[in-house]
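Comments concern the structure below.
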Amino acid sequence: MREDRSTRTWPTLLPALTVVLMVAAVGTLGAALPAATALGGDPGGGPGGSSPPFPPTDTPVPAVGRAWPVGLRPSVIRGWEPPATAYGRGHRGVDLTAAPGAPVRAVAPGRISFAGRVAGRGVVSVELNGTGDPPLRTTYEPVRATAKKGAEVTAGEVIGVLEPTGSHCPASCLHWGLRRADTYLDPLSLLPPWLLGRGPSRLLPVVGVPEPEVRAVR
């Protein structure tokens with residue numbers, strides 16, 4: 001009796017078919033990896049040395065800020081410059097003028113989510129109350145923390161002092177950042193218009209109050 005040819009052929013072809021399927025699977029996985037890395041990666045620029053994908057311009061930010069992080073109305077040395085691409089050049093925050101040792105305050109109520117050092121710089125992060133899920137998170141650097149992780153803070157409360165070194169500015173400055181999850185946002189958008197435009201305090205004339213009577217001295 002002659003042996004069926006198909007019975008002898010399948011054992012011979014099976015190893016070759018296995019190799020072909022493995023090569024195809026590896027090629028498909030390799031094509032998908034760059035996209036996954038771009039979405040989940042964090043390539044530099046933030047407190048953890050990271051920069052997430054380019055944030056959408058229509059992301060709403062509630063104006064919950066009630067204080068500047070330093071001074072009464074500090075000058076902005078460098079503003080918010082979102083990158084044109086996910087990994088492009090830009091400035092993911094704002095730089096504010098401040099002298100070394102200046103107190104650094106929380107701009108809004110929240111909880112200290114990080115207080116420590118990243119790449120040699122002091123960094124403090126605050127998760128802001130009532131700003132959604134995930135919450136907005138502000139970051140301040142280079143700052144020596146005076147508040148501990150997990151502490152609840154109020155708007156205007158001192159959370160650290162500006163360190164004399166670690167700044168990327170030509171002169172001493174505070175780098176102030178804002179994120180929601182992995183998306184960077186403009187921290188100045190936290191401040192309401194009345195706080196953004198406030199200048200130095202000045203005395204105003206009193207209106208509607210009668211002047212005290214001046215009596216002649218005899």
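Numbering starts at 1 and runs along the sequence shown. Computed from a predicted structure; not experimentally measured.
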Main-chain N/O of [Y] paired with [X] side-chain donor or acceptor, under 3.5 Å:
X	Y	result
R180	T183	no
R105	G71	yes
T138	L178	no
T97	C173	no
W68	L195	yes
S125	T139	no

- Do other residues, nucleotides or ligands put more than 12 heavy atoms under 6.0 Å from the CZ atom of R111?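 Check passes, neighbour count above 12.
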Which atoms form the tightest heavy-atom contact between [X] and [Y], and what is the distance?
X	Y	result
W80	L185	CZ3-O, 3.5 Å
L174	P69	CD2-CB, 3.7 Å
T146	V158	OG1-O, 3.9 Å
G65	A108	CA-CB, 4.2 Å
S172	A98	OG-O, 2.7 Å
V107	Y140	N-OH, 3.4 Å

[X] vs [Y] side-chain heavy atoms within contact, under 4.5 Å:
X	Y	result
H175	L96	no
V123	F114	yes
L136	P62	yes
V143	V161	no
I159	I112	yes

- Item | NZ/NE/NH1/NH2 to OD/OE distance under 4.0 Å, R137 and E127 |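 Judged by the 4.0 Å cut-off on N to carboxylate O distance, R137 and E127 do not form a salt bridge.
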- Do E157 and R66 pass the salt bridge (charged side-chain N to carboxylate O under 4.0 Å, His left out) test, and can you show the C-alpha distance, the side-chain angles, and the key distance before you say yes or no? CA-CA 11 Å; E157 183 174 344; R66 293 298 177 265; over 6 Å; no
- Message: How long is the straight-line distance from CG of L128 back to OG of S113, given to the nearest 0.5 Å?
- Response: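 Those atoms lie 9.0 Å apart.
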- First locate atom CG of L191, then atom CZ of R73, and finally report the distance between them rounded to the nearest 0.5 Å.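 One finds 8.5 Å between CG of L191 and CZ of R73.
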Quick check: is [Y] connected to [X] through a chain of hydrophobic side chains (ILVMFWY, heavy atoms under 4.5 Å apart)?
X	Y	value
V64	V153	yes
I77	V70	no
W194	V76	yes

- Assess whether side chain to side chain contact (heavy atoms under 4.5 Å, CB included) is satisfied between W176 and L188, documenting all intermediate values. CA-CA 9 Å; W176 175 30; L188 290 177; 3.8 Å; yes
- Residue pair R117, E163: steps toward the side chain to side chain contact (heavy atoms under 4.5 Å, CB included) verdict: CA-CA 12 Å; R117 308 198 71 79; E163 294 183 330; 2.8 Å; yes
